[in-house]
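Have a look at the structure below, then the notes.
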Number of protein chains: 2
Amino acid sequence: MKPIEIFKALSNESRLDILRWLKEPEQHFTPHEGIDMREIGVCVSQVTEKLNMTQSTASQYLSILQRAGLIKTERIGKFTYYKRDEEVIRQIGEYLKQEI
Amino acid sequence: MKPIEIFKALSNESRLDILRWLKEPEQHFTPHEGIDMREIGVCVSQVTEKLNMTQSTASQYLSILQRAGLIKTERIGKFTYYKRDEEVIRQIGEYLKQEI
DNA sequence: TTGACATATCGATAATTCACGATATAATGA
DNA sequence: TCATTATATCGTGAATTATCGATATGTCAA
């Protein structure tokens, strides 16, 4: 866990939005290709549309969240799906409580 | 509580150091003017020395932490003392756990 | 009041981040 | 193979951050 990188990733409202949307994906995204959003995740286009920013920005934000370890990715066909890594998110909360 | 501002304040190793030092001030600072560090806090010069950066930088970092609400300040004579705001720190941990 | 010290603030420059458009790469289906 | 679609990456200019030295302000002691 790299706390500084995680806190940087969390220092942006759009990225916080993404994390919150991914917490309850079926509340925030329309179904896609019959994918189980909770199990597999949501793809870049879904996030792009909801973010109301360019595909480029959405992809980069997802990448930042992923490099920080907060989300994980799975490629299925031409789509890349992202979902939260609940364990890492729990850990950073714990870290904040214990170490800061 | 302004989470984005707080996460930005936490996105810097030196500022995390300051917060951690302030958690157990008597472990990290030499006594100063007979002040109870745990009750009142530590002054800018103490932080400056331990940070090994300029007084300017130390003062600004303390100010960033304070504007984020993570520490609070008290002026006594010519010294300004800073100590943690444990309640806000607890809140951001709770926020991370609940809202993110 | 003046001098000395503690702290805050004001530029400044380099580095990083934001958000974009353009383009490259990967996968599919015709 | 080729065209199309999904995603990633590159290069950009504007904005923000990191850190500094210089200076202003505030407080005490002589």
Salt-bridge present (A:Glu13, A:Arg20; N to O < 4.0 Å):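 Yes, A:Glu13 and A:Arg20 are salt-bridged.
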
Sequence-distant partners of A:Arg15, side chain to side chain donor-acceptor pair (under 3.5 Å), two or more places apart: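 Listed in chain order: nothing, the list is empty.
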
Contacts of A:Glu49 that satisfy side chain to side chain donor-acceptor pair (under 3.5 Å) - sequence neighbours left out: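 Listed in chain order: nothing, the list is empty.
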
Residue pairs, two or more places apart or on separate chains, that pass ring-ring contact (aromatic ring centres under 6.0 Å, His included) and touch residues 66-100 of chain A: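 Non-adjacent pairs meeting ring-ring contact (aromatic ring centres under 6.0 Å, His included): A:His32-A:Phe79, A:His32-A:Tyr81.
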
Set of residues satisfying salt bridge (charged side-chain N to carboxylate O under 4.0 Å, His left out) with respect to A:Arg38, sequence neighbours excluded: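 With sequence neighbours excluded, A:Arg38 shows a salt bridge (charged side-chain N to carboxylate O under 4.0 Å, His left out) to A:Glu26, given in chain and number order.
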
DNA chain D contacts among residues 8-46 of chain B, heavy-atom distance under 4.0 Å: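 Hits under 4.0 Å, by residue number: B:Lys8, B:Asn12, B:Arg15.
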
Sorted by number, the residues of residues 66-81 of chain A with heavy-atom contact under 4.0 Å to DNA chain D: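 The stretch gives A:Lys78, A:Phe79, A:Thr80 as the residues lying under 4.0 Å from the strand, ordered by number.
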
Distance-only donor-acceptor pairs under 3.5 Å for side chains of residues 87-94 of chain A, two or more places apart:
unit_1, atom_1, unit_2, atom_2, d
A:Glu87, OE1, A:Arg90, NE, 3.2
A:Glu87, OE2, A:Arg90, NH2, 3.0
A:Glu87, OE2, A:Gln91, NE2, 2.9
A:Glu94, OE2, A:Gln98, NE2, 3.1

[X] has an atom [atom1]; how far is it from atom [atom2] of [N], in whole Å?
{"X": "B:Glu49", "N": "C:dA6", "atom1": "CD", "atom2": "P", "value": "11 Å"}
{"X": "B:Glu5", "N": "D:dT16", "atom1": "CD", "atom2": "C1'", "value": "13 Å"}
{"X": "A:Ile64", "N": "C:dT16", "atom1": "CD1", "atom2": "P", "value": "14 Å"}

The criterion is side chain to side chain contact (heavy atoms under 4.5 Å, CB included); which residues satisfy it with [X], sequence neighbours excluded?
{"X": "B:Ser59", "answer": "B:Val44, B:Gln55"}
{"X": "B:Ser56", "answer": "B:Thr54, B:Gln60"}
{"X": "B:Lys72", "answer": "B:Lys83, B:Asp85"}
{"X": "B:Lys50", "answer": "B:Trp21, B:His28, B:Phe29"}

Presence of B:Tyr82 side-chain N/O under 4.0 Å of C:dA8 phosphate oxygens OP1/OP2: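 The answer is yes; a side-chain N or O of B:Tyr82 sits under 4.0 Å from OP1 or OP2.
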
Listed pairs, N/O of protein and of nucleotides 20-22 of chain C, under 3.5 Å:
unit_1, atom_1, unit_2, atom_2, d
C:dC20, OP2, A:Thr54, N, 3.4
C:dC20, OP2, A:Thr57, OG1, 3.0
C:dC20, N4, A:Ser56, OG, 3.4
C:dC20, N4, A:Gln60, NE2, 2.6
C:dG21, O6, A:Ser56, OG, 2.7

